[in-house]
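For reference, the structure is listed below as structure tokens.
All residue numbers in this chain count up from 1 along the given sequence.
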Amino acid sequence: MKEKKKYTFSLGVVLLAAALGLLVGTLVIHHVDETNPQKLMASQGDLRMQALMYIVDRYYVDEVDWDSLSTIAASAMLSSLDPHSTYLPPVEMDKEQELMQGRFEGIGVTLAWTDDTIYAAQVKGDSPAAHAGVLPGDKILMVDTVKVSGVKIEGGTTAVVDLIRGPRHSTVTLTLDRYGHSKPFKVKIKRDVIHHASVPAAMMLNKTTGYIRVTRFAETTASEFHNALLQLNGQGMKALVLDLRGNGGGSLESAVKMADELLPKGDLIVYTKGAHSRRFNSYATAGGLFEEGKLTILINEHSASASEVVSGAIQDNDRGLIAGRCSFGKGLVQRQFDLLDGDAVLLTTARYYSPSGRCIQRPYDKGSDAYYMDYLTRIFSNFTSPDSMFYATADTSQWFYTKKGRKVYGGGGIQPDLTIPYVLDTNWKYYNKLLDSGVMEDLVHRQLYSSYAELIKKYPTADKFVANYEMDEATWNRIMSAASSKGVELNEKSLKRCAPHIRNYYKAQLASAMFGDEAYFRVALRIDNELQKVLKK
């Protein structure tokens with residue numbers, strides 16, 4: 001799940017974490033329907049807090065915004081308990097619910113902002129936008145009566161998204177500019193429920209090996225995963241690569257159900273316990289769709305919480321191979337308590353333990369700043385000295401044993417059975433700088449604007465696009481020219497090394513815009529070095 005705002009963070013830590021794409025997993029169990037906690041707190045009373053509020057209200061030099069102050073106080077109090085207990089104001093609560101439910105109300109368009117222009121970067125199939133005729137590459141000039149392109153919009157694409165989204169069955173009118181049309185035109189779209197898949201890709205990598213990508217653990221993830229297994233089993237799958245890289249977690253229930261598909265009846269999946277909750281064991285049941293066959297799970301430093309539950313269950317039961325880099329190290333379980341005004345508390349109520357008895361939670365006794373800085377330091381050390389990765393993550397003083405007697409460690413994440421370190425090669429600096437510049441994404445949107453009709457005519461299906469599209473020299477030259485204008489200094493040696501990756505990345509972005517997420521992965525995975533290492537095992 002995405003990172004929650006915590007008021008005790010220093011600004012530098014927050015910005016650094018954001019720059020690295022930090023995913024802090026929240027492992028959530030269903031919210032409780034007990035006596036409302038606000039009423040319970042009010043009945044108990046807190047004389048110290050009441051006295052403090054009275055003094056501030058009566059004597060403070062300025063008028064006090066009590067809503068804002070109470071939000072800050074609640075967040076500070078919860079974050080002082082542990083890094084993952086948090087207060088969610090109503091707006092954040094709505095976003096959290098959308099992520100957990102795997103759906104939202106809107107029109108089904110992904111937006112991109114290039115210079116001062118908003119583009120329809122991707123249009124979901126069978127969505128209201130698709131039915132209304134919106135195409136990838138369309139420029140969005142206005143949303144209802146609000147001009148959104150050619151002007152500076154406070155809040156950027158987020159503000160435009162808020163304008164476009166709205167309640168189901170309500171309408172929104174977009175003014176579009178499309179290449180080949182003599183003037184802009186309007187489309188009126190009725191909003192609906194848009195399902196956001198947490199399993200964006202399920203495909204066969206070869207005749208016997210299936211691949212499933214899971215990006216988060218929402219309420220729908222278990223059923224999506226079940227359907228993906230059905231699909232791949234029907235295509236002759238004998239081995240499976242489950243990709244949990246970058247998956248920050250989510251629902252504990254979904255994690256247990258996913259592991260249940262992979263483990264035989266009776267295997268312990270996970271157990272939880274806390275000061276106010278007795279131990280609860282979750283076991284695999286009969287009828288999992290892939291209880292036998294070669295299994296590999298890919299993880300990295302951004303794989304957290306529910307991803308670690310699944311990985312730990314598979315590793316401790318010796319069911320498959322865990323490959324990649326050590327995971328985040330979150331072994332805490334949050335429970336959702338709804339408050340009175342649409343807000344909620346996610347409170348850590350238990351720790352979870354893998355079948356061998358290990359809790360992989362990293363220490364947080366030095367506070368949230370130190371907790372997240374330790375994570376960032378680990379990432380930097382992986383970039384500079386991958387050989388030290390094991391000792392920088394696992395706590396070798398906490399060892400446990402798998403079902404077959406292999407030694408595993410706790411206290412610092414799931415340590416892979418097969419470690420795949422970062423490739424330390426200065427020849428990749430040019431490629432990384434090119435990606436960071438955003439040049440290729442910008443050019444994809446511009447090409448779709450000017451050439452979508454031509455492209456879709458030439459490649460009417462994802463199969464034909466993946467099999468046949470090759471970047472022409474004109475597109476290559478545009479990338480090189482745009483990169484230079486953005487200050488990406490050309491390095492001929494680096495360019496020679498990474499040219500195939502540049503071409504593949506651009507093709508993957510085009511595939512995503514034209515045909516969706518699975519088409520993206522079909523292209524991107526072709527030169528995924530970590531996946532290729534796993535396939536050779």
Side-chain angles (χ1 to χ4, degrees), residues 1-2 21 23 25 99 102 110 122 124-125 195-206 208-235 237 239-251 254-255 257-259 261-262 289-290 293-311 314 320-325 327-328 414 416 418 420 462-463 466 504-505 507-509 511-535 537:
M1 302 289 288
K2 67 182 190 317
L23 296 177
L99 284 172
T110 302
Q122 187 187 85
K124 283 184 174 290
H195 295 278
H196 186 34
S198 55
V199 180
M203 66 190 79
M204 295 296 291
L205 298 174
N206 52 46
T208 59
T209 304
Y211 170 90
I212 300 177
R213 176 84 165 205
V214 183
T215 56
R216 67 188 184 284
F217 286 82
E219 292 176 7
T220 58
T221 302
S223 62
E224 291 179 47
F225 184 66
H226 179 86
N227 291 336
L229 288 175
L230 281 175
Q231 170 193 326
L232 298 181
N233 282 342
Q235 296 175 32
M237 178 174 66
L240 170 65
V241 177
L242 173 58
D243 194 344
L244 299 179
R245 290 175 294 178
N247 185 324
S251 165
S254 292
K257 288 181 178 179
M258 179 183 291
E261 297 279 13
L262 306 172
L289 292 181
F290 198 73
K294 183 179 179 181
L295 173 63
T296 304
I297 297 182
L298 273 169
I299 61 172
N300 62 13
E301 56 279 354
H302 302 306
S303 305
S305 70
S307 293
E308 295 171 304
V309 169
V310 174
S311 302
I314 298 304
L321 179 77
I322 310 300
R325 292 179 295 280
S327 62
F328 181 84
I414 300 295
L418 171 65
I420 306 176
D463 287 344
V466 172
N504 199 71
Y505 182 84
K507 179 176 179 178
Q509 296 299 320
S512 174
M514 294 177 64
F515 300 105
D517 293 336
E518 183 157 315
Y520 166 84
F521 285 107
R522 289 176 62 184
V523 176
L525 293 176
R526 288 181 167 187
I527 53 175
D528 185 319
N529 293 329
E530 294 175 8
L531 177 62
Q532 297 309 316
K533 288 183 179 181
V534 163
L535 293 177
K537 287 294 178 180

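Here the closest non-hydrogen pair linking Q122 and D517 is NE2-OD1, 3.6 Å. The heavy-atom pair separating M204 from G210 by the smallest distance is SD-CA, 3.9 Å. In terms of heavy atoms, A508 sits closest to Y520 at O-CD1, 3.3 Å. Pairing each heavy atom of S303 with each of S327, the nearest pair is O-CB, 3.2 Å. Here the closest non-hydrogen pair linking E261 and L229 is CB-CD1, 3.7 Å. Of all non-hydrogen atoms in G250 and S305, the two that sit nearest each other are N-OG, 3.8 Å.
Annotation: the span from N247 atom CG to H302 atom NE2 amounts to 12.0 Å, rounded to 0.5 Å. Note that CG of L531 is 9.0 Å distant from CD1 of I420, once rounded to the nearest 0.5 Å. Between F225 atom CZ and L242 atom CG the span is 5.0 Å, to the nearest 0.5 Å. A distance of 4.5 Å separates CG of L525 from OH of Y211, quoted to the nearest 0.5 Å. The CG atom of L298 lies 9.5 Å from the OG atom of S311; values are rounded to the nearest 0.5 Å. Atoms CZ and CD, on R213 and E518 in that order, are 12.5 Å from each other to the nearest 0.5 Å.
By the neighbour-count criterion of 12 heavy atoms within 6.0 Å, atom NZ of K507 is densely surrounded, having more than that number from other residues, nucleotides or ligands.
Between the side chain of N504 and the backbone N or O of I527, no donor-acceptor pair lies under 3.5 Å. Side-chain atoms of S254 come within 3.5 Å of backbone atoms of A218 as a donor-acceptor pair (strictly under, hydrogens ignored). Between the side chain of T221 and the main chain of S198, no donor-acceptor pair closer than 3.5 Å is present. In this structure, Q231 contributes its side chain and A202 its backbone to a donor-acceptor pair below 3.5 Å.
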### Stepwise side-chain contact (heavy atoms from CB on, under 4.5 Å) test for H226 and K257
CA-CA 9 Å; H226 179 86; K257 288 181 178 179; over 6 Å; no
### Task
Evaluate the side-chain contact (heavy atoms from CB on, under 4.5 Å) criterion for residues R522 and F515: first the C-alpha distance (whole Å), next the side-chain angles of each, then the deciding distance (0.1 Å), finally the verdict.
CA-CA 11 Å; R522 289 176 62 184; F515 300 105; over 6 Å; no
### Task
List the steps, then state whether side-chain contact (heavy atoms from CB on, under 4.5 Å) holds for T296 with K537.
CA-CA 10 Å; T296 304; K537 287 294 178 180; over 6 Å; no
### Query
Do E224 and H195 pass the side-chain contact (heavy atoms from CB on, under 4.5 Å) test, and can you show the C-alpha distance, the side-chain angles, and the key distance before you say yes or no?
CA-CA 11 Å; E224 291 179 47; H195 295 278; over 6 Å; no
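The one candidate from L232, D243, L244 that meets the side chain to side chain contact (heavy atoms under 4.5 Å, CB included) condition with I212 is L232. Considering T220, V214, T215, N227 as possible partners of V199, the one that fulfils the side chain to side chain contact (heavy atoms under 4.5 Å, CB included) test is V214.
Proximity of K124 to H196: side-chain heavy atoms (C-beta onward) are separated by under 4.5 Å at one or more points. By the 4.5 Å heavy-atom criterion applied to side chains, S307 and I299 are not counted as neighbours. Put simply, the side chain of V310 reaches to within 4.5 Å of the side chain of F217, judged on heavy atoms.
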